[in-house]
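Shown next, in structure tokens, is the structure this report addresses.
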Amino acid sequence: MTIQKRICMPNDVRTWANNGAPIPDWVRAHMAGKVASNGTFLISTPVGTARVHVGNVVIQHCGELSSRTPDEVIEFIEGLKAETASVVTAIGPGKSAQFGTRTKSGRGKKRGVARKIAFRPAIGSMPSIEWVHTLELTRLIHEGAVGRVASVA
């Protein structure tokens, strides 16, 4: 029984098991070198060169080859199906918008405006006159205590 009969395959996925059967032309086109005496050979993959051992399965998807053990093939092909699944999901009949679009309920609020951060007033005297607020300085001028503030700093 071949891999294609055991699982539902996406349309553009081909598989071949390295079990002594002749190597198909679509695998030969990606081979790097010749078949070794132990039955292994190298193929070019999207991440580099991979060795196909006897018993491994070669998978072609979108013109690129991968090599997996028979135990990993089903999970790998399910991942390929998930990648090729349609991403666009309509909200309702005849709608072409996707989820996460802006709604009409939040129109009164301004978006993207930074919130003003409020700090409590400072407690005690400031370390220098540059740190004293201008309103506090004018109050000190009217009280006649400016010389005292400057002499402390």
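Atoms NE2 and OG1, on His30 and Thr49 in that order, are 12.5 Å from each other to the nearest 0.5 Å. The structure places CZ of Arg68 at 10.5 Å from CD1 of Ile77, a figure rounded to the nearest 0.5 Å. One finds the CH2 atom of Trp26 at 12.5 Å from the CE atom of Met31 (value rounded to the nearest 0.5 Å). Taking NE2 of His61 as the reference point, atom OG1 of Thr15 lies at 13.5 Å (rounded to 0.5 Å).
The nearest pair of heavy atoms linking Arg51 to Asn56 is O-ND2, 4.2 Å. Listed here is the closest heavy atom pair of Ile117 and Phe119: CG2-CZ, 3.7 Å. For the pair Trp16 and Pro22, the tightest heavy-atom approach, listed with the atom from each and the gap, is NE1-O, 3.3 Å. The nearest pair of heavy atoms linking Pro46 to Leu65 is CD-O, 3.5 Å.
Residues Phe76 and Val57 form no side-chain contact, since every pair of their non-hydrogen atoms from C-beta on lies 4.5 Å or further apart. Ile43 has its side chain within reach of Ser67: a pair of non-hydrogen atoms, C-beta onward, lies under 4.5 Å apart. You'll find the side chain of Ile23 reaches within 4.5 Å of the side chain of Val35, heavy atoms only.
Inspection of the Thr69 and Asp71 side chains reveals no N or O donor paired with an N or O acceptor under 3.5 Å.
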| said: Please determine whether side chain to side chain contact (heavy atoms under 4.5 Å, CB included) holds for the pair Val27 and Asp25, giving the CA-CA distance in whole Å, both sets of side-chain angles, and the decisive distance to 0.1 Å. | reply: CA-CA 5 Å; Val27 176; Asp25 292 335; over 6 Å; no
| said: Does Val13 form a side chain to side chain contact (heavy atoms under 4.5 Å, CB included) with Ile59? I'd like the steps, not just the answer. | reply: CA-CA 7 Å; Val13 174; Ile59 303 162; 3.8 Å; yes
